[in-house]
Amino acid sequence: MKTKTIFHLFILLSAIFTASIHSQTKSYEKQIDSVLSLMTLEEKAGQLHQVSLSWATGPASPEGDKLKDIKEGKIGSVFNIRGSEKVRALQELALQSRLKIPLLFGLDVIHGFKTTFPIPLAESASWDLEAIELAARVAAVEASASGLNWTFAPMVDIARDPRWGRIMEGAGEDTYLGSLIAAARVKGFQGKGFGSVDAVMACAKHYAAYGAATGGRDYNSVDMSERMLREIYLPPFKAAAVAGAATFMNSFNDLNGVPASGSAFLMRNILKGEWNFNGFVVSDWASIREMIPHGFAENDRDAAKLALNAGSDMDMEGYCYRDNLKDLVEKGEVSLSNLDDAVRRVLRKKFEMGLFEDPFRFTDPVREEKAMNNPEHRKAARDMARKSIVLLKNDDELLPLKNGQKIALIGPLAKSEDDMLGGWAVGWDDNSDVVSQFEGFEIRFGKQNLLYSKGCGVSDPSKDGFEDAIKTAKAADVVVLSIGESRSMNGEAASRSNLGLPGVQEDLVKEIMATGKPVVILINAGRPLVFNWVADNVPTIVYTWWLGSEAGNAIADVLSGDYNPSGKLTVSFPRNEGQIPIYYNHFNTGRPSMQDIPSKDYRTGYIDLKQSSKFPFGYGLSYTSFDYSNLVFSSDRLSKDGVIDVTLTVKNSGDFDGEEVVQLYIRDLVASLVRPVKELKDFKKISLKSGESKKVTFKVDKEKLSFYNEKLDWVAEEGKFDIMIGSSSADIRLKGTIVYE
Ligand code: BGC
């Protein structure tokens with residue numbers, strides 16, 4: 001009875017809440033109408049014009065024009081400025097304009113603001129949605145206190161190609177996991193909603209299919225079937241929209257011949273049509289103008305016309321809208337209703353963000369000071385960082401390190417602070433608050449137990465430092481060798497054709513291994529690298545990505561055993577570049593590879609390479625071990641409206657407490673279209689004390705079995721489905737079959 005009453009109360013409160021949202025939305029619509037009715041065509045175009053500003057105020061500087069434009073109401077949003085004072089000063093300029101429409105302030109707050117969190121790909125390896133949401137929340141608290149109300153994140157592009165430098169910005173190769181992470185990040189950034197002063201608008205980018213750039217070359221063309229688009233690449237965008245993402249950003253690529261910034265199919269039909277998105281779309285940096293070199297638009301004017309008509313609402317640093325929209329509307333080439341729709345969308349977000357009510361609500365220096373120096377933020381960053389680390393090998397159980405061992409920390413990345421931040425970190429003049437690996441080790445293991453030698457540079461061909469490195473290794477009980485890419489090798493315009501360890505680093509590893517000392521390898525990178533010699537010859541390997549401000553502490557936590565690693569790869573690691581794209585959820589061919597050996601057996605694969613990945617999706621070790629048993633289905637027949645409970649027991653059978661990501665995959669055995677050999681459909685991250693067992697239950701319903709059929713309908717087809725439970729996509733521990741009928 002009591003529960004029922006609480007439930008009814010809950011329903012009542014929800015109804016009141018929903019009604020108040022609706023009335024709020026309504027009242028904004030009226031206010032938007034009245035603002036719109038006062039605007040000239042030039043002012044409307046201005047709202048759709050966004051500029052990057054780096055704060056040079058002299059009237060003769062190029063920025064001088066931008067400041068003048070702000071005062072004249074010809075700019076709707078500014079980005080790349082931060083700091084409550086600067087934002088306040090610019091907002092004051094905007095309020096000198098005729099209609100006093102406040103500006104939106106954006107920035108690429110991708111993985112933290114002042115406190116840098118791990119790169120998004122690393123965070124995804126935690127499979128910890130709460131921690132990921134918290135990371136975005138902390139970033140929003142800091143960014144909003146610094147005057148910002150908009151971040152160009154999350155990047156939700158599915159990526160199956162580690163050559164692509166931007167793979168670091170996303171959540172890996174899997175659509176299901178990527179969708180959950182997209183929603184978690186949106187929620188984190190937008191917090192309790194736009195009424196609150198520490199929420200920033202999220203921006204789901206890059207819409208769409210940017211991650212499928214041909215050859216992994218940034219900005220490159222994408223050609224794919226609509227079925228593939230809808231099944232693999234769009235769901236994370238849809239999840240972001242459903243989670244309430246305020247904005248979307250166009251991608252640079254063309255999709256099947258149409259540049260995304262000019263794609264009515266993507267923006268009008270799918271995003272604003274099917275998904276009923278009420279936010280706005282911003283172009284990527286000058287991507288509207290870039291339709292000219294694409295060969296899709298003749299000139300700026302044509303580009304503006306194509307983009308606005310297709311549904312791109314705001315022109316980022318493109319100047320096509322500012323200079324052409326008035327004329328285009330006057331000549332009837334862009335309809336007033338299309339223009340008004342775009343302006344309305346931008347104004348709606350300004351109202352929702354509370355900027356009309358108080359344009360300075362994000363510019364409180366006291367709040368800023370507090371947010372930039374909050375120890376809780378560092379704590380969250382350290383927790384996120386250690387959860388992001390993936391233990392690839394621990395064959396000799398060298399890890400965790402024993403107390404009191406003398407450690408030689410060697411390698412080009414061991415003392416780096418800057419690199420730890422990874423690509424797309426917000427730039428600050430001083431990175432001294434970043435905990436390098438050396439500093440983290442000093443704190444945890446003690447100065448007296450730590451030796452250091454650089455050995456070599458990241459890409460430098462010199463071996464001059466080898467001798468000292470070898471001497472240092474010999475003087476220690478154990479060597480920790482920190483190698484990898486440099487930070488600048490990831491991110492935008494940083495695609496690589498060769499994913500090997502740059503420079504002479506592999507030679508350094510060989511020399512150090514030759515000393516006979518036990519070696520732990522740390523691989524620092526923003527993508528899966530190819531490191532076969534190391535993988536085959538060094539028994540202990542830890543993948544540390546770029547972990548942000550707390551990198552050194554987090555790595556020390558894992559190496560010391562203060563934290564038992566629990567990260568699992570969210571992207572397949574290739575054996576070499578020729579194997580790319582490689583992803584676990586591929587189709588079977590008519591001639592599937594039967595054994596994982598290179599051979600000319602007239603089956604799918606290579607005559608010179610194994611078919612499998614080097615390290616598979618979902619893979620990652622712990623200091624303990626987990627046994628899976630007792631798979632029970634509540635029924636082996638699933639009806640249309642039914643649910644099957646899939647239950648199993650997981651036991652921590654090792655000596656350490658630890659966490660395991662239990663993964664559920666399905667396979668549709670026979671369908672009207674070929675289906676993947678495996679698809680992740682659920683997972684649970686559980687924590688188990690040494691010796692402890694836990695029951696894990698998954699629910700399987702028809703949604704988990706559904707896919708886009710040939711007509712692009714989302715359907716579950718009758719028939720048999722394998723249900724597989726694994727510790728990785730390649731380590732299926734339990735399996736059964738159900739029938740959907
Ligand atoms: C990137 C976007 C980014 C924008 C603004 C572009 O070059 O592709 O991801 O948000 O710049 O900095």
Side-chain angles (χ1 to χ4, degrees), residues 48-55 66 75-82 103-113 119-121 136 139-140 143 146 148-159 164-171 182 185-186 189 200-213 216-222 233 236-237 240 245-255 259-261 266 279-291 293-294 307 312-320 421-427 488 490-495 526:
L48 308 183
H49 176 46
Q50 186 189 43
V51 296
S52 167
L53 211 54
S54 59
W55 202 250
K66 294 182 182 174
I75 290 180
S77 167
V78 162
F79 67 115
N80 285 341
I81 281 284
R82 58 166 196 262
L103 293 167
L104 288 170
F105 291 89
L107 189 77
D108 291 287
V109 182
I110 309 291
H111 52 109
F113 181 69
I119 56 167
L121 182 61
S146 184
L148 304 175
N149 39 44
W150 187 9
T151 173
F152 304 135
M155 186 275 219
V156 303
D157 297 311
I158 295 298
W164 190 50
R166 303 199 78 167
I167 195 170
M168 57 140 295
E169 282 176 66
R185 290 195 166 128
V186 169
F189 287 131
V200 295
M201 298 195 300
C203 181
K205 71 186 191 185
H206 305 83
Y207 189 65
Y210 187 34
R217 294 188 287 281
D218 210 357
Y219 316 122
N220 210 7
S221 295
V222 175
Y233 290 88
F237 286 98
T247 66
F248 268 50
M249 185 186 288
N250 295 134
S251 54
F252 284 122
N253 55 286
D254 74 85
L255 175 62
S261 306
L266 285 175
F280 68 88
V281 180
V282 63
S283 76
D284 203 342
W285 188 299
S287 65
I288 292 178
R289 174 174 279 160
E290 286 176 14
M291 294 199 292
H294 268 291
S312 247
D313 301 306
M314 186 180 274
D315 182 7
M316 177 192 279
E317 267 295 328
Y319 302 87
C320 299
L421 296 174
W424 282 115
V426 174
S488 62
N490 323 131
E492 187 174 350
S495 293

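Counting starts at 1 for both ligands and their atoms, in listed order.
Residue-level proximity to ligand 1 for Met155 is absent, since no heavy atom of it falls below 4.0 angstrom. Within the 4.0 Å heavy-atom criterion, neither part of Gln50 lies near ligand 1.
Contacts of Phe79 classified as ring pair (Phe, Tyr, Trp, His ring centres under 6.0 Å), with partners at least two apart in sequence or in another chain: Phe152, Trp285. Considering only residues two or more places apart in sequence or on other chains, Asp284 meets the side-chain hydrogen bond (donor to acceptor under 3.5 Å, both in side chains) condition with none of them.
No N or O atom of Trp285 sits closer than 3.5 Å to an N or O atom of ligand 1. The shortest N/O to N/O separation between Lys205 and ligand 1 falls below 3.5 Å.
No hydrogens or angles considered: a donor-acceptor pair under 3.5 Å links the side chains of Glu492 and Tyr219. Between the side chains of Ser77 and Trp150, no donor-acceptor pair is found at a separation under 3.5 Å. With 3.5 Å as the limit, one finds no donor-acceptor pair spanning the side chains of Asp218 and Ser495.
Between Ser283 atom OG and Ile288 atom CD1 the span is 4.5 Å, to the nearest 0.5 Å.
Applying the 4.0 Å criterion to heavy atoms of Phe152 picks out, from ligand 1, the atoms 10 (O). Interface of Met249 with ligand 1, defined as ligand atoms under 4.0 Å from a residue heavy atom, comprises 2 (C), 10 (O).
Heavy atoms of His206 approach ligand 1 to within less than 4.0 angstrom.
When hydrogens are left out, the protein atom nearest atom 7 (O) of ligand 1 is Glu492 OE1, 2.8 Å; that is the closest non-hydrogen contact. Among all protein heavy atoms, the one lying closest to atom 5 (C) of ligand 1 is Asp108 OD2, 3.2 Å. Remark: minimum distance from atom 2 (C) of ligand 1 to any protein heavy atom is reached at Asp284 OD1, 3.2 Å.
Between His49 and Tyr319, the ring centre distance stays below 6.0 Å.
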